[in-house]
Amino acid sequence: MLSKFGKHKAIIFTGPSGGGKTTLSQYTLSNFEEVERSISVTTRLPREGEVHGVDYHFLSVDDFKKHIEAGDFVEWEQVYEGLYYGTLLSEVERIWEAEKVVLFVVDVIGANSLKKYFGENSIKIFVKTPTMEILEKRLFSRGTETRENVLNRLKKAFHELKEEVNADAVIINDVLSTTQNEVYQLILSYINR
């Protein structure tokens, strides 16, 4: 029996900030032409090199709230005070109309919402570092955020790690080439099932 989404599929990469979910999602996109990333909406400012409509859709808080009121989101959340992230239904429909598998890169709350929404038509992959010390080193080495922001992300990561039990697969991102191979096999198996 087909689900309400038919044969459409979704891949959800999640885990603490700095764990490698973006790197592994980019690897997936470069190795599976049938996969396309859903571009999330955020109210945060663009980081250096980020492009509106490519990395994120950058909106004001007021514009984001208008989309909430209109019921345009599959999922959305306020991550920190004044900082919102969400997934527009129109973005998912655009990708599915192109007969592709939609890929999400979201935090654990967004991932839980997406998994609940898409159910058996999705795979939730939790990506983490081997230790909190490695996570801390990666976050500080980015050089894109203040010390206070990094410490907030580490505090949040401590709680997010408890969510790995709710994932369909857990990837420990240690040696990148090994991790990439693991992700490749996982995605290949999921797409072909």
Side-chain angles (χ1 to χ4, degrees), residues 11-32 35-59 61 64 75-87 103-115 123-187:
I11 299 166
I12 306 162
F13 277 101
T14 191
S17 181
K21 59 187 178 285
T22 300
T23 299
L24 293 174
S25 70
Q26 289 169 340
Y27 171 81
T28 300
L29 293 168
S30 67
N31 284 277
F32 294 93
V35 177
E36 185 173 340
R37 183 175 71 90
S38 170
I39 301 170
S40 296
V41 178
T42 185
T43 59
R44 78 162 169 77
L45 295 175
R47 293 180 183 139
E48 187 175 332
E50 287 183 329
V51 177
H52 176 76
V54 175
D55 299 291
Y56 285 93
H57 295 292
F58 296 99
L59 297 182
V61 172
F64 195 101
E75 62 81 29
W76 67 271
E77 66 173 302
Q78 183 175 0
V79 180
Y80 301 106
E81 184 64 35
L83 179 59
Y84 292 83
Y85 286 88
T87 302
L103 181 143
F104 300 97
V105 183
V106 293
D107 77 341
V108 297
I109 296 170
N112 288 341
S113 296
L114 289 169
K115 183 66 181 179
I123 183 170
K124 183 166 70 165
I125 304 168
F126 191 95
V127 181
K128 67 178 190 172
T129 56
T131 66
M132 285 294 285
E133 290 76 19
I134 291 172
L135 179 63
E136 181 176 355
K137 184 179 176 183
R138 286 184 188 174
L139 287 172
F140 277 115
S141 69
R142 281 179 172 176
T144 57
E145 300 184 52
T146 65
R147 177 174 172 73
E148 182 183 352
N149 284 347
V150 169
L151 294 175
N152 282 337
R153 288 187 184 276
L154 287 169
K155 188 176 176 182
K156 186 176 180 190
F158 179 77
H159 297 287
E160 290 175 323
L161 286 168
K162 297 173 186 172
E163 286 293 320
E164 76 178 83
V165 298
N166 297 316
D168 297 308
V170 176
I171 301 289
I172 299 171
N173 186 15
D174 190 9
V175 177
L176 186 58
S177 60
T178 303
T179 304
Q180 288 172 331
N181 185 55
E182 190 176 348
V183 166
Y184 183 88
Q185 296 303 323
L186 183 64
I187 299 297

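What you see is a predicted model; the values in this text were computed from it and never measured.
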Item to check | Aromatic plane relationship, F64 with W76 - under 30° parallel, 30 to 60° tilted, over 60° perpendicular | outcome: perpendicular
Next on the checklist: Apply side chain to side chain contact (heavy atoms under 4.5 Å, CB included) to residues I171 and V183 and explain how you reach the verdict.
Outcome noted: CA-CA 8 Å; I171 301 289; V183 166; 4.2 Å; yes
Checklist entry - Is the backbone N or O of V150 less than 3.5 Å from a side-chain atom of R142, with the two atoms forming a donor-acceptor pair by type? => result no
Checklist entry - Quick one: does D174's side chain get under 4.5 Å of T129's, heavy atoms only? => result no
Checklist entry - Which atom pair, heavy atoms only, marks the closest approach of A157 to M132? => result CB-CE, 4.3 Å
Next on the checklist: Contact between L83 and T42 at the side-chain level, heavy atoms closer than 4.5 Å - yes or no?
Outcome noted: yes
Checklist entry - Rounded to the nearest 0.5 Å, what separation is found between the OG atom of S177 and the CD atom of E182? => result 11.5 Å
Checklist entry - Is there a salt bridge (Lys or Arg N to Asp or Glu O under 4.0 Å) between K156 and D107 once you walk through the steps? => result CA-CA 10 Å; K156 186 176 180 190; D107 77 341; 3.2 Å; yes
Checklist entry - Has the side chain of T14 got a donor or acceptor atom that lies under 3.5 Å from a matching backbone atom of V106? => result yes
Checklist entry - Between the side chain of E163 and the main-chain N/O of V108, is any donor-acceptor distance below 3.5 Å? => result no
Checklist entry - Are R44 and Y56 in a cation-pi contact, defined as NZ or CZ under 6.0 Å from the six-membered ring centre and within 45° of the axis? => result yes
Item to check | Closest approach of R37 to V105 (non-hydrogen atoms, all atoms of both residues) | outcome: CD-CG2, 4.4 Å
Next on the checklist: If you take the centroid of each ring, where Trp contributes its six-membered ring, are F126 and F13 closer together than 6.0 Å?
Outcome noted: no
Next on the checklist: So N152 and L154, do their side chains get closer than 4.5 Å, heavy atoms only?
Outcome noted: no
Next on the checklist: Please find the pair of heavy atoms, one from R153 and one from S17, that lie closest to each other, and give the distance.
Outcome noted: NH1-OG, 3.3 Å
Checklist entry - Going through the checks in order, is the side chain to side chain contact (heavy atoms under 4.5 Å, CB included) test met by K21 and L24? => result CA-CA 5 Å; K21 59 187 178 285; L24 293 174; 5.9 Å; no
Checklist entry - With sequence neighbours excluded, what pairs up with L59 under the side chain to side chain contact (heavy atoms under 4.5 Å, CB included) test? => result V41, D63, H67
Checklist outcome for this item: Distance col, row I125:CD1 vs F104:CZ, nearest 0.5 angstrom, shows 12.5 Å
Item to check | Distance, nearest 0.5 Å, that separates CD of E50 from CG of L45 | outcome: 10.0 Å
Item to check | Validation row: I187, F32 side chains within 4.5 angstrom (heavy atoms) | outcome: yes
Checklist entry - side-chain hydrogen bond (donor to acceptor under 3.5 Å, both in side chains) between K124 and N112: does it pass, once the steps are laid out? => result CA-CA 8 Å; K124 183 166 70 165; N112 288 341; 2.5 Å; yes
Checklist outcome for this item: The reported gap from NZ in K137 to OG1 in T131 (rounded to nearest 0.5 angstrom) is 10.0 Å
Checklist entry - When rounded to the nearest 0.5 angstrom, what distance separates NZ in K155 from CG in L151? => result 10.0 Å
Item to check | Over 12 foreign heavy atoms within 6.0 Å of CZ, F140 | outcome: yes
Item to check | Minimum side-chain heavy-atom gap E75-S40 below 4.5 Å | outcome: no
Item to check | Trace of the side chain to side chain contact (heavy atoms under 4.5 Å, CB included) decision for I134 with N173 | outcome: CA-CA 10 Å; I134 291 172; N173 186 15; over 6 Å; no
Next on the checklist: Using the side chain to side chain contact (heavy atoms under 4.5 Å, CB included) criterion, which residues pair with I172? Sequence neighbours excluded.
Outcome noted: K128, P130
Checklist entry - Listed by chain and number, what are the salt bridge (charged side-chain N to carboxylate O under 4.0 Å, His left out) partners of E136, not counting sequence neighbours? => result none
Checklist entry - Under 3.5 Å, side chain of H52 to main-chain N/O of H57, donor-acceptor pair present? => result no
Next on the checklist: For L103 versus S25, what's the shortest heavy-atom pair and its separation?
Outcome noted: CD2-CB, 3.6 Å
Checklist entry - Mind checking whether P16 and L161 have side chains closer than 4.5 Å, heavy atoms only? => result yes
Item to check | Salt bridge present between D168 and K115 (N-O < 4.0 angstrom) | outcome: yes
Item to check | L186 side chain reached by I123 side chain, heavy atoms, under 4.5 Å | outcome: yes
Checklist entry - For T43 and G82, which heavy atoms make the closest approach, and how far apart are they? => result OG1-O, 3.1 Å
